[in-house]
Structure formats: C-alpha cells, structure tokens
Amino acid sequence: MAEAKKQLRVTLKRSVNRRTAKHKACVAGLGLRRIGHSVTVADTAENRGMINKVAYLLAVDEI
C-alpha cells in the first residue's frame with residue numbers, strides 16, 4: 001500500500017505590508033493572498049524552507 005503524502009495547512013496571520021521583497025515572494029510562492037487565507041501544500045523541503053523564512057507571519061498545521 002502506498003504511503004500518503006504529508007500535507008500542511010498554512011494560514012497567513014499577519015500582513016505582508018512593510019516586509020522585504022523576499023518575504024513577500026515566499027508568501028506568494030505558498031499561494032497565500034490575504035490575512036486569514038489558508039492553503040494546503042505538500043510537506044516538501046522547498047515548502048518547509050519558505051515556511052521557515054516567514055514563520056512569524058504564518059500558522060501551520062499538519063494534516
């Protein structure tokens with residue numbers, strides 16, 4: 001039986017106003033658009049890196 005891929009629910013909790021361009025790019029790369037918006041992303045090294053960079057703006061739950 002194939003193992004299911006891990007997923008993460010990422011929610012934007014703080015505004016991206018007055019943040020660096022790289023941090024705004026990470027938030028956009030995760031697919032987040034506005035405060036309170038949630039997306040489900042795969043638990044990969046690339047996504048974990050973006051989440052770690054802007055962790056102070058996000059809430060993350062494992063699914």
Side-chain angles (χ1 to χ4, degrees):
M1 185 160 86
E3 184 177 327
K5 300 284 183 179
K6 287 190 175 182
Q7 298 285 312
L8 299 172
R9 162 102 30 217
V10 183
T11 305
L12 187 61
K13 290 296 185 180
R14 300 184 68 188
S15 175
V16 294
N17 289 343
R18 300 173 62 172
R19 308 294 177 205
T20 65
K22 288 184 179 183
H23 287 203
K24 289 179 183 180
C26 286
V27 170
L30 289 168
L32 297 167
R33 298 176 183 267
R34 61 193 162 277
I35 296 173
H37 186 219
S38 296
V39 294
T40 302
V41 295
D43 188 6
T44 63
E46 294 83 5
N47 287 336
R48 282 285 184 171
M50 288 191 286
I51 289 169
N52 288 338
K53 182 170 282 228
V54 293
Y56 66 101
L57 300 174
L58 306 175
V60 181
D61 299 315
E62 292 186 16
I63 298 177

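Excluded from the calculations below are hydrogen atoms, water molecules and symmetry mates; all remaining heavy atoms, backbone and side chain alike, are included. Numbers here are sequence positions counted from 1.
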pair [X]-[Y]: side-chain heavy atoms closer than 4.5 Å:
X   : Y   : value
L8  : N47 : no
R34 : L12 : no
L57 : R19 : yes
L58 : K13 : no

What is the distance from atom [atom1] of [X] to atom [atom2] of [Y], rounded to the nearest 0.5 Å?
X   : Y   : atom1 : atom2 : value
E46 : I51 : CD    : CD1   : 11.5 Å
K22 : M50 : NZ    : CE    : 14.5 Å
R9  : D61 : CZ    : CG    : 8.5 Å

May I ask you to decide whether D43 forms a salt bridge with K5, counting only side-chain N to carboxylate O separations under 4.0 Å?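 A salt bridge is absent here (no side-chain N lies under 4.0 Å from a carboxylate O).
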Closest heavy-atom contact between [X] and [Y]?
X   : Y   : answer
C26 : K53 : SG-CD, 3.6 Å
R14 : Y56 : CD-O, 3.3 Å
I35 : S15 : CD1-N, 3.8 Å

Under a single-linkage definition using a 4.5 Å side-chain heavy-atom cutoff for Ile, Leu, Val, Met, Phe, Trp and Tyr, are V39 and V54 assigned to the same hydrophobic cluster?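 Hydrophobic grouping puts V39 with V54.
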